[in-house]
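Not measured: the values here are computed from a predicted model. Just so you know, these numbers use all the heavy atoms, side chains as well, and skip hydrogens, waters and symmetry mates. Lettering of chains follows the sequences in order, A, B, ..., and the numbering in each one begins at 1.
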Amino acid sequence: MTDIASPLPAGELPAGYDPAVIERKWQARWVAEGTNTPDLANGANPYYALMMFPYPSAEGLHVGNLFAFTGNDIYGRFHRLQGHTVFEPFGFDAFGIHSENFAIKVGVHPSELIPRNIDNFRRQVQRTGLMVDWTHELSTTDPSYYKWTQWVFLQLYKQGLAYKKKAAVNWCPFDKTVLANEQVVGGACERCGTMVEQRFLEQWFFRITDYAGRLLANLDHLDWADTTKTAQRNWIGKSEGAEILFVVQDLMEFAGSATAEAGMSGEVAVTNTEIRVFTTRPDTIYGATYLVLSPEHPLVGAVTTDDQRDDVEAYVATAAKQDLVTRKTSREKTGVFSGGYATNPATGEPVPVWIADYVLMEYGTGAIMAVPGHDERDHEFAKKYDLPIVAVVAPASGALVDVQAEAFTESDGCRLINSGRFNGLTVDEAKSAIVTELSVRHAAVPVVNYRLHDWCISRQRYWGPPIPIVYCDACGTVPVPEDQLPVLLPVLEDFRPDDSGVSPLARAEEWYHTTCPQCGAKARRETDVSDTFLDSSWYFLRYPSTGFNDIPFDPAITRKWLPVTSYIGGNEHAVLHLLYARFVTMVLRDAGLIDFEEPFTRFRAHGMIVREGAKMSKSKGNVVNPDEYIEEWGADAFRTYLMFLGPYEEGGDFRDKGISGVKRFLDRLWRSVHDARSDGEPDAAVKRKLHQTIKKVGEDIPKLSYNTAVAAMMEYMNTMRSGERTPHVDEVRPLVQLVSPFAPHIAEELWSVLGNTKGVFDSGWPTYEHALTVEDHVTMAVQVGGKTRGTITVAKGVTQEQAMAAAMAEPGIAKFVTGEPKKVIFVPGRMLNIVV
RNA sequence: GCGAGAGUGGCGAAACUGGCAGACGCACCAGACUUAGGAUCUGGCGCCGCAAGGCAUAGGGGUUCGAGUCCCCUCUCUCGCACCA
């Protein structure tokens with residue numbers, strides 16, 4: 001804890017600027033006058049300044065939240081000053097496992113807990129003076145909101161984009177419950193430490209993979225931070241390759257089981273067991289010395305010989321017991337030989353078929369051709385099990401590489417060797433040549449794969465919107481009709497997950513047993529709730545339309561306000577949230593419900609705040625409590641300090657003492673306005689600095705370069721007050737406007753002190769005259785042989801000769817110039833370099 | 001391992017398309033005004049050196065009249081993904 005919280009004794013408060021008083025005053029006035037409530041229907045020049053809505057935790061607002069919100073608020077206020085109608089809404093992402101777990105821990109029902117947390121958050125946010133339109137507040141837990149979340153589900157269902165399939169979940173055999181991935185630590189249950197297993201449950205998925213290509217392609221045209229775009233590209237993970245059939249030799253008595261996989265190539269008569277593999281390197285097929293099937297692959301049984309059957313079954317059983325996390329993170333490769341062989345279609349040689357869990361059933365075809373000479377994973381496996389390693393690609397130089405020691409994975413400019421008639425082709429040439437060659441007899445086809453998986457939205461939990469589906473014995477899966485929404489989340493006193501393996505909602509008897517909307521017969525409700533990411537995938541559509549109860553979003557308002565003009569949030573959501581929101585928006589657009597397919601025109605991610613160089617955490621006890629700082633220094637100083645810490649997109653280091661510098665700046669601003677003289681003229685040099693500052697701040701804010709904008713205003717303050725001079729009122733007035741996005745309360749107060757009756761945020765942004773930003777004299781650096789030896793102050797626009805003369809007149813410079821200069825480099829207005 | 005980003009004074013940080021490195025602020029030092037000071041104001045403040053000057057942007061090389069900025073290599077840190085064939 002810090003000692004700065006000790007208050008001043010009463011009676012010693014500095015006279016004048018008292019943040020507590022004026023902040024309360026202006027916050028009340030903004031509410032009373034509706035200052036922050038724009039006319040959404042008629043406002044000119046709409047500007048939708050959106051920030052990611054928070055999860056309302058019990059601890060209250062984190063300083064990181066405030067850093068994010070303030071950055072967005074400055075942006076919004078700045079655009080308002082530029083003449084836009086700015087809509088800055090606020091809401092709460094209050095469903096989800098986080099709330100539920102906390103509720104379980106403290107033994108209070110989330111429906112009671114969440115409104116309390118929301119009230120606390122709202123109070124804290126209001127104290128910081130954000131330009132939020134509270135008349136459009138929303139919470140994802142409100143039935144009037146999640147009614148439409150369920151509606152979004154139904155739109156996807158109608159489009160055939162929602163489907164059910166069995167999928168693995170983490171299962172704790174001790175607690176007998178489903179665990180979310182974040183509850184699994186090192187393969188064990190975070191609560192009891194028992195090793196987690198995987199279980200297969202029927203779950204709802206969205207076909208986001210159908211949109212992978214569009215989600216990827218659109219990134220090229222979005223005004224988003226490059227790091228975010230790269231993260232999305234990597235996540236979507238496009239990879240181009242080919243699928244190729246390998247025929248299993250020496251078929252035994254179960255030949256019939258294989259035909260199911262046929263069908264891709266119409267021309268091939270499939271009579272034997274065939275394994276379809278996916279590879280991005282068809283050029284290396286001559287080096288494919290074995291095949292690997294994932295343990296879950298349907299052909300595992302078909303390729304296994306009787307003598308290997310016990311080993312294979314044991315291996316598959318072990319793999320099935322492993323939890324999802326361990327399976328995907330352990331690097332030690334294991335596998336078992338099936339006993340079967342397939343024919344390498346290029347070499348005609350038999351290659352053994354192995355079963356190994358380093359091949360994932362979810363990706364590609366669940367089977368690979370292993371090329372240990374040119375793939376690190378295959379190499380590691382081949383070494384461990386003593387499988388042959390062959391080099392089939394050589395570097396451009398033609399040098400021989402020792403693939404026995406290490407896989408050679410480069411491909412740029414490399415050429416094929418040991419590959420029959422394909423020898424000498426480049427990797428790129430060989431890729432298409434080999435696929436073409438194998439297309440007829442081995443059904444080779446070019447295939448694009450994405451590592452993006454379909455989005456599993458089922459959660460076997462309580463605290464979320466019920467998925468609006470009913471199961472009827474006669475009609476099967478029936479969507480709840482839209483006019484029967486919302487499917488209300490029943491109040492369950494005991495909402496803990498149990499050992500049934502299904503959601504706690506199954507225990508809400510009256511709710512669970514219902515009638516079929518189609519035939520009226522007895523039916524059961526879906527008991528899973530949906531993922532929180534579904535709640536947040538469309539909230540930006542709801543904000544402007546929160547007043548409409550019968551529709552999710554009003555067409556006219558939506559046309560006017562969307563897509564979102566500017567979105568600011570944390571990089572931790574760079575992938576999932578932003579991708580899901582883009583996906584849902586595309587689906588709604590394809591359904592003809594909206595007329596744009598990208599929700600966020602511009603996105604920027606803010607950085608992270610650390611404290612005294614260390615990450616903030618509850619256990620370290622170093623978390624900044626915004627209430628304490630606002631109490632002590634005022635919201636204006638706190639906001640401005642947060643913005644001054646460092647570059648907004650990189651974050652900054654919160655140092656307890658640092659805020660005093662910003663507070664001093666605001667104190668001086670206060671005094672400057674109160675003491676300003678109105679007689680006489682503003683000083684010419686100050687005026688020039690003013691115009692430079694207006695230019696700089698106006699350029700920095702759109703770049704989110706808030707720290708340098710604040711620095712520029714401080715510089716101006718220093719110029720204006722240097723030598724204890726009393727500033728002229730014309731010198732101070734524009735500064736109040738420049739400061740207003742950062743410190744809105746003091747700006748409003750001082751603006752009214754200056755005699756204005758309209759609020760500062762409707763006063764417009766000060767303009768600058770270009771001519772006044774330019775200095776008439778410039779200080780140029782003079783280098784001799786590249787080393788700076790001094791400066792000269794000359795009139796702007798001097799010639800090289802004049803600059804030379806001025807430089808040689810300086811003894812400190814001239815003494816370094818020995819003899820005739822060999823060369824002179826002159827950059828007008830910047831520097832002069834005399835090379836001797 | 002792969003991907004992204006970053007390394008500049010005691011500290012947080014500035015530096016436009018290569019052109020005076022350290023703006024602005026914290027801390028610190030000296031001074032003014034003070035009964036007093038987390039008040040205000042003035043001046044100083046990268047390192048070495050009395051100075052002239054030299055050395056400095058993680059380390060090493062390179063391109064250039066000139067490099068924090070561009071190129072190559074090495075090291076360190078942060079974040080994300082984790083066997084995606």
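- Taking atom CD1 of A:Ile659 as the reference point, atom C1' of B:G25 lies 13 Å away to the nearest angstrom.
- Salt-bridge annotation for A:Arg233 and A:Asp220: present, with a side-chain N of the basic residue lying under 4.0 Å from a carboxylate O of the acidic one.
- The separation of B:G18 from B:U57, taken at their C1' atoms, amounts to 15 Å, rounded to a whole angstrom.
- Side-chain atoms of A:Trp235 lie closest to B:A82 of the nucleotides B:A85, B:G3, B:A82.
- The existence of a salt bridge linking A:Lys689 and A:Glu715 is confirmed by a sub-4.0 Å separation between a basic side-chain nitrogen and an acidic carboxylate oxygen.
- Within the 4.0 Å cut-off from OP1 or OP2 of B:C20, not a single side-chain nitrogen or oxygen of A:Asn833 is found.
- Checking B:A13, B:G25, B:G3 against the side-chain heavy atoms of A:Met714 singles out B:G25 as nearest.
- Salt bridge present: A:Glu699 and A:Lys695 bring a charged side-chain N and a carboxylate O closer than 4.0 Å.
- Across the protein-nucleic acid pair, A:Arg668 atom CZ and B:U40 atom C1' stand 10 Å apart, rounded to whole Å.
- Ranking B:C65, B:G53, B:G25 by closeness to the A:Phe816 side chain, first place goes to B:G53.
- Regarding contacts with the backbone of B:C79, a side-chain N or O of A:Lys615 is found under 4.0 angstrom from either OP1 or OP2.
- When ring centroids are compared, A:Phe381 and A:Trp354 come within the 6.0 Å threshold.
- Distance check on atom P: B:G10 versus B:U76 gives 23 Å, rounded to whole Å.
- Taking atom OH of residue A:Tyr641 and atom C1' of nucleotide B:G25, one finds them 9 Å apart after rounding to whole Å.
- No hydrogens or angles were tested; on distance alone, nothing pairs the side chain of A:Lys822 with the base of B:C65 as donor and acceptor under 3.5 Å.
- In B:G9 the O4'-C1'-N dihedral to the base is within 90° of 0, which defines a syn nucleotide.
- Projected onto RNA chain B by closest heavy-atom contact, A:Gly646 and A:Val710 fall at different nucleotides, the more 5' of which corresponds to A:Gly646.
- Between A:Arg451 and B:C83, a side-chain N or O to OP1/OP2 separation shorter than 4.0 Å is absent.
- Between A:Arg671 and A:Asp667 there is no salt bridge, since no side-chain nitrogen of the basic residue lies less than 4.0 Å from a carboxylate oxygen of the acidic one.
- Proximity of A:Thr230 to the phosphate of B:G3: no side-chain N or O atom is located under 4.0 Å from OP1 or OP2.
- Taking atom CG of A:Leu576 as the reference point, atom C1' of B:C81 lies 11 Å away to the nearest angstrom.
- Across all strands, A:Ser239 comes closer than 4.0 Å only to sugar-phosphate atoms, never to a base (heavy-atom distances).
- Between A:Trp354 atom CH2 and B:C83 atom C1' there is a gap of 17 Å when expressed in whole angstrom units.
- Atom CD of A:Gln800 sits in a crowded spot, with more than 12 heavy atoms from other residues, nucleotides or ligands closer than 6.0 Å.
- At a cut-off of 3.5 Å, with distance as the only test, no side-chain donor of A:Ser239 or A:Asn449 sits close to an acceptor on the other residue.
- As rounded to whole Å, 13 Å separates atom C1' of B:G3 from atom CZ of A:Arg233.
- Residue A:Arg664 has its side chain nearest to B:U40 when only B:C55, B:U40, B:C11 are considered.
- Nucleotides B:A15 and B:G68 have their P atoms positioned 16 Å apart, rounded to a whole Å.
- Nearest to the side chain of A:Thr708, among B:G12, B:A82, B:A15, sits B:A15.
- Here the side chain of A:Thr791 is nearest to one of B:A85, B:C20, B:G25, namely B:C20.
- Whole-Å rounding puts the A:Lys431 NZ to B:A85 C1' distance at 12 Å.
- Here, B:G25 and B:A67 have their P atoms 30 Å apart, quoted to the whole Å.
- Residues A:Tyr641 and A:Tyr629 place their aromatic rings such that the two centres sit no closer than 6.0 Å.
- For B:A14, the OP1/OP2 oxygens have no side-chain nitrogen or oxygen of A:Lys696 closer than 4.0 Å.
- With distances taken from any side-chain atom of A:Thr280 to the nucleotides B:U40, B:A85, B:G5, the minimum falls on B:A85.
- Nucleic acid contact class of A:Arg655 (heavy atoms, under 4.0 Å, all strands): sugar-phosphate only.
- Closest approach to the A:Met831 side chain among B:G25, B:C55, B:G19 is made by B:G19 (side chain taken as heavy atoms from C-beta onward).
- Of the candidate nucleotides B:U40, B:G53, B:A27, B:G53 has the atom lying nearest to any side-chain atom of A:Lys815.
- Atom CD in A:Gln783 sits roughly 7 Å away from atom P in B:A21 (whole-Å rounding).
- On a pure distance criterion of 3.5 Å, a polar donor-acceptor pair joins the side chain of A:Glu632 and the base of B:G38.
- Within the 4.0 Å cut-off from OP1 or OP2 of B:A85, not a single side-chain nitrogen or oxygen of A:Tyr358 is found.
- You'll find the side chain of A:Phe67 stays beyond 4.5 Å of the side chain of A:Phe654, heavy atoms only.
- Between the P atoms of B:A13 and B:G7, the separation comes to 10 Å (whole Å).
- Of the nucleotides present, B:G3 is the one that pairs with B:C79 by Watson-Crick or G-U wobble criteria, both distances under 3.5 Å.
- For B:A85, the OP1/OP2 oxygens have no side-chain nitrogen or oxygen of A:Ser294 closer than 4.0 Å.
- Comparing B:A23 with B:C33, their C1' atoms sit 30 Å apart, to the nearest whole Å.
- Out of B:G3, B:C20, B:G12, the shortest distance to the side chain of A:Thr779 is found at B:C20.
- With a cut-off of 3.5 Å on both Watson-Crick or G-U wobble distances, the partner of B:A15 is given as none.
- The nucleotide B:G49 finds no pairing partner, because no Watson-Crick or G-U wobble arrangement with both distances shorter than 3.5 Å includes it.
- At the heavy-atom level, A:Asn718 lies under 4.0 Å from the strands shown only through sugar-phosphate atoms.
- In summary, the side chains of A:Thr726 and A:Asp675 do not present any donor paired with an acceptor at a separation below 3.5 Å, with no hydrogens or angles considered.
- Nearest-nucleotide positions on RNA chain B place A:Arg671 closer to the 5' end than the other of A:Thr279 and A:Arg671.
- As rounded to the nearest Å, B:A58 and B:G54 have C1' atoms that lie 22 Å from one another.
- Taking atom C1' on both B:G31 and B:G49, the two are 26 Å apart, rounded to the nearest angstrom.
- Within 4.0 Å of A:Ile825, counting heavy atoms only, lies at least one base atom of the nucleic acid.
- Contact check, A:Asn707 against B:A14: a side-chain N or O comes under 4.0 Å of OP1 or OP2.
- Base pairing analysis places B:C26 opposite B:G10; the two distances defining the Watson-Crick or G-U wobble pair are each below 3.5 Å.
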